[in-house]
Chemist: 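The structure that follows is given in the form of structure tokens.
The figures here come from the full heavy-atom set of this structure, side chains too, leaving out hydrogens, waters and symmetry mates.
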Amino acid sequence: MKAFVLFSAVALASASAQDTTTNDTPTKTEKAQKPKKGAAAEVGSGVGTAAAGVAKGAGSAATGVAKGVGDLATLHPIDAGAAVGTGAVKAGKNVTVGTAKGVGKIGKGVGHALKKIL
């Protein structure tokens with residue numbers, strides 16, 4: 001009985017040692033490639049990016065107007081004008097950046113679609 005327990009322990013130890021030595025992870029030279037987005041996914045992502053830029057711009061404009069109204073109510077007309085102007089500039093920047101990124105992604109998606117057709 002003692003011999004059976006001893007051999008069982010040795011067999012389990014060697015089996016677990018063999019299991020841990022196998023390595024299924026890729027090495028540093030092999031880079032895992034992400035699957036490429038399809039044309040529809042790329043266009044959808046572009047539309048989403050453009051919409052996010054517009055939404056962020058609207059938020060910046062609303063923040064500037066709200067701060068301007070608060071400054072105007074506390075009789076600080078110069079600060080009110082500056083706050084509204086700053087909000088407008090930030091809104092314009094956010095809309096422009098979001099739209100540019102979105103159009104780029106849409107163009108990439110259209111390119112993928114044309115590549116498949118042709």
Side-chain angles (χ1 to χ4, degrees):
M1 182 69 173
K2 290 180 185 179
F4 176 72
V5 171
L6 178 65
F7 287 120
S8 297
V10 170
L12 283 174
S14 67
S16 65
Q18 289 174 354
D19 290 341
T20 58
T21 58
T22 59
N23 191 4
D24 292 336
T25 58
T27 60
K28 289 184 180 180
T29 57
E30 299 175 7
K31 288 189 176 183
Q33 293 181 350
K34 290 194 276 185
K36 292 184 180 180
K37 286 185 179 181
E42 199 70 52
V43 170
S45 174
V47 170
T49 301
V54 170
K56 192 172 179 182
S60 295
T63 301
V65 169
K67 188 166 180 1
V69 168
D71 286 339
L72 194 58
T74 58
L75 302 176
H76 295 97
I78 296 173
D79 292 340
V84 171
T86 302
V89 168
K90 286 183 181 179
K93 178 197 70 105
N94 290 333
V95 169
T96 303
V97 169
T99 303
K101 285 182 179 180
V103 167
K105 288 182 180 182
I106 290 170
K108 189 175 178 182
V110 170
H112 283 307
L114 290 177
K115 191 175 179 182
K116 284 186 176 182
I117 292 171
L118 302 175

Chemist: In terms of hydrophobic clustering (I, L, V, M, F, W, Y; side-chain heavy atoms under 4.5 Å; direct or indirect links), are Val89 and Val97 co-clustered?
Modeler: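 Shared cluster, no.
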Chemist: Taking salt bridge (Lys or Arg N to Asp or Glu O under 4.0 Å) as the definition, give me every residue that meets it alongside Lys67, ordered by chain and number, with sequence neighbours left out.
Modeler: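 Per chain and number, Lys67 pairs via salt bridge (Lys or Arg N to Asp or Glu O under 4.0 Å) with Asp71.
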Chemist: We want to know whether Thr49 and Lys101 form a side-chain donor-acceptor pair, criterion being a heavy-atom distance below 3.5 angstrom.
Modeler: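 Lys101 and Thr49 do not have a side-chain donor-acceptor pair below 3.5 Å.
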Chemist: Between NZ of Lys108 and NZ of Lys37, what distance do you get to the nearest 0.5 Å?
Modeler: 8.0 Å
Chemist: Grab the two heavy atoms, one from Gly46 and one from Lys105, that are nearest each other, plus how far apart they are.
Modeler: CA-CB, 3.5 Å
Chemist: State the CG-OG1 distance between Asn94 and Thr99, to the nearest 0.5 angstrom.
Modeler: 10.0 Å
Chemist: Side-chain heavy atoms under 4.5 angstrom apart, residues restricted to Ile, Leu, Val, Met, Phe, Trp, Tyr: same cluster for Ile106 and Leu114?
Modeler: yes
Chemist: Closest approach of Ala91 and Gly57, non-hydrogen atoms and distance?
Modeler: CB-O, 3.1 Å
Chemist: Mind listing the closest non-hydrogen atom pair of Gly68 and Ala80 along with its distance?
Modeler: O-CB, 3.2 Å
Chemist: Specify the closest pair of heavy atoms between Gly109 and Ala39, including all atoms of both residues, with the distance to one decimal.
Modeler: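 Minimum heavy-atom separation between Gly109 and Ala39: O-CB, 3.3 Å.
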Chemist: Please report the closest heavy-atom contact between Val54 and Val95, naming both atoms and the distance.
Modeler: CA-CG2, 4.0 Å
Chemist: Over all heavy atoms of both residues, which pair between Lys90 and Ser60 is shortest? Give the atoms and the distance, please.
Modeler: CB-CB, 3.8 Å
Chemist: Would a distance-only check, ignoring hydrogens and angles, find a side-chain to backbone donor-acceptor pair under 3.5 Å from Thr63 to Gly59?
Modeler: yes
